[in-house]
Novice: 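Questions regarding the structure given below will be posed in turn.
Start at 1 with the first residue, then count along the sequence. These figures come from a predicted structure and were not determined experimentally.
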Amino acid sequence: MKTRQIPYYEFSDGMFEMDEFDCASVFVIVGEKRALVLDTGVGIGDMRWVIENRITNKPYDVVLTHNHVDHAGGAGFFDNIWVHPQDKDWNRKVFAPTLEMRREYANIIAARENKNYSYTMEEDIGSWPGEPVINMLSDGQVFDLGGRRLTFYHIPGHTPGECVAIDDKSRILLAGDACNCNYLLGENIADTPKESADVAVKGLERLWAMRSAYRWIYNSHHDYRGFGSPLAENVLPDLIECLKRVREGTCEYRTVPDMLSYHKMKKVAVYGDVQVTYLGGGF
């Protein structure tokens with residue numbers, strides 16, 4: 001794989017957002033002694049080369065917020081990764097980081113954005129050279145990078161093992177897919193959409209209760225917030241309220257285009273600036 005033109009931006013001191021061709025954002029957090037890479041995108045081009053030759057020469061850990069293809073698709077290009085035990089299985093039916101699914105996802109995003117990118121499917125989205133060693137990430141686990149500490153919290157809802165991180169130096173919450181304007185409620189969280197929404201509400205209310213520990217929220221898809229910019233302050237409370245109304249059966253629903261498929265529609269719950277999709281076949 002030859003592509004090395006992956007855009008990245010230092011949006012806060014020692015915090016970089018890498019834009020993997022609109023598929024997902026990968027974050028690199030650099031401390032005085034170590035660094036941490038959060039997620040691995042779909043795995044387009046030589047992201048590892050960019051990290052090690054353009055962003056930092058320090059040793060680093062790789063942590064996945066969850067196991068979906070747009071976050072775990074590049075995991076096999078690294079030697080070791082961390083992921084929550086409930087998301088350690090790559091071989092799921094939905095969003096598994098297989099070569100076929102990685103290419104399919106990249107195709108969907110390119111069609112959605114109506115752009116031509118500098119990579120090619122055959123040259124730049126290739127098979128993993130090997131399986132990474134998987135380390136189990138725990139709730140409350142701290143990575144001390146020297147002069148800054150990242151603390152991870154288990155916030156199930158999007159997936160059973162979804163985790164977020166708070167950086168104590170910048171006071172930034174890196175939310176993965178746990179909080180965004182276009183929230184996907186996992187199909188394998190509980191037996192029904194209402195029960196799944198209840199799980200998600202409890203995790204997000206935990207984040208809301210911690211809001212004195214962070215000033216800004218960055219999710220992993222910048223199409224809903226702008227590259228290098230945080231989410232709007234109302235997104236988290238709006239998402240909590242939307243999921244509460246799903247749980248209680250009082251939410252407003254709309255039918256909208258499904259931007260993660262080809263020419264399909266879906267039913268979503270809406271409140272304020274957020275919409276919620278249920279991945280278990282729709283509401």
Novice: Ignoring hydrogens and geometry, is there a side-chain-to-backbone donor-acceptor pair from E17 to Y9 under 3.5 Å?
Specialist: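 Such a contact is absent between E17 side chain and Y9 backbone.
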
Novice: Step by step, would you call L145 with L150 a side chain to side chain contact (heavy atoms under 4.5 Å, CB included)?
Specialist: CA-CA 8 Å; L145 307 183; L150 266 74; 3.9 Å; yes

Novice: Measuring only between side-chain heavy atoms, which start at C-beta, is W128 closer than 4.5 Å to R102?
Specialist: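 Yes, at least one pair of side-chain atoms sits under 4.5 Å.
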
Novice: Taking side-chain hydrogen bond (donor to acceptor under 3.5 Å, both in side chains) as the criterion, tell me which of D61, T56, D144 meets it with R34.
Specialist: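 When side-chain hydrogen bond (donor to acceptor under 3.5 Å, both in side chains) is applied between R34 and each of D61, T56, D144, only D61 qualifies.
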
Novice: Parallel under 30°, tilted from 30 to 60°, perpendicular over 60°: which one fits the rings of H158 and H68?
Specialist: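 Perpendicular: the ring planes of H158 and H68 meet at over 60°.
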
Novice: Under 4.5 Å between side-chain heavy atoms, counting indirect links through other Ile/Leu/Val/Met/Phe/Trp/Tyr residues: same cluster for V235 and L243 or not?
Specialist: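 Yes, one cluster joins them.
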
Novice: Salt bridge or not between D13 and R148? Use side-chain N to carboxylate O under 4.0 Å.
Specialist: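 No, D13 and R148 are not salt-bridged.
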
Novice: Nearest 0.5 angstrom please: D273 CG to L239 CG, how far?
Specialist: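 Nearest 0.5 Å value for the CG-CG distance: 11.5 Å.
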
Novice: Just checking, is any N or O donor in the side chain of S220 or D177 under 3.5 Å from an acceptor N or O on the other one?
Specialist: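 Side chains of S220 and D177: no pair found under 3.5 Å.
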
Novice: Any idea how F152 and F143 line up, ring-wise: parallel (<30°), tilted (30 to 60°), or perpendicular (>60°)?
Specialist: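 If you compare the ring of F152 with that of F143, the planes turn out perpendicular.
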
Novice: Would V274 and E241 count as a side chain to side chain contact (heavy atoms under 4.5 Å, CB included) here? Give the steps.
Specialist: CA-CA 10 Å; V274 306; E241 182 60 29; over 6 Å; no

Novice: Between the side chains of E248 and K244, is the shortest nitrogen-to-carboxylate-oxygen separation below 4.0 Å, so that they form an ion pair?
Specialist: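 Answer for the salt bridge query: no.
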
Novice: Should we say atom CD of E233 is surrounded by more than 12 heavy atoms from elsewhere, each under 6.0 Å from it?
Specialist: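 Not buried by this count: 12 neighbours or fewer within 6.0 Å.
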
Novice: Look at the aromatic rings of Y218 and F27 and report parallel, tilted or perpendicular, splitting at 30° and 60°.
Specialist: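 Answer is perpendicular, since the angle exceeds 60°.
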
Novice: Any salt bridge linking K194 with D198? Criterion: basic side-chain nitrogen under 4.0 Å from a carboxylate oxygen.
Specialist: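 No, no charged N to carboxylate O under 4.0 Å.
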
Novice: Which of parallel (below 30°), tilted (30 to 60°) and perpendicular (above 60°) describes F283 and Y278?
Specialist: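 Aromatic pair F283/Y278 classed tilted.
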
Novice: Testing I155, L38, L204, T65 one by one against V164 for a side-chain contact (heavy atoms from CB on, under 4.5 Å), which residue passes?
Specialist: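 That would be I155.
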
Novice: Are H221 and D70 linked by a side-chain donor-acceptor pair shorter than 3.5 Å?
Specialist: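 D70 and H221 do have a side-chain donor-acceptor pair below 3.5 Å.
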
Novice: For Y117 together with Y119, are the ring centres under 6.0 Å from each other?
Specialist: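 Ring centroids of Y119 and Y117 are less than 6.0 Å from each other.
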
Novice: Under the side chain to side chain contact (heavy atoms under 4.5 Å, CB included) rule, what do I81 and I134 come out as? Steps first, then yes or no, please.
Specialist: CA-CA 5 Å; I81 60 99; I134 300 177; 4.0 Å; yes

Novice: Hey, quick one: are L173 and L64 part of the same hydrophobic cluster, counting side-chain heavy atoms closer than 4.5 Å, chains of contacts allowed?
Specialist: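 In one cluster with L173: L64, no.
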
Novice: I'd like to know whether NZ of K169 has more than 12 heavy-atom contacts from other residues, nucleotides or ligands below 6.0 angstrom.
Specialist: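 Check passes, neighbour count above 12.
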
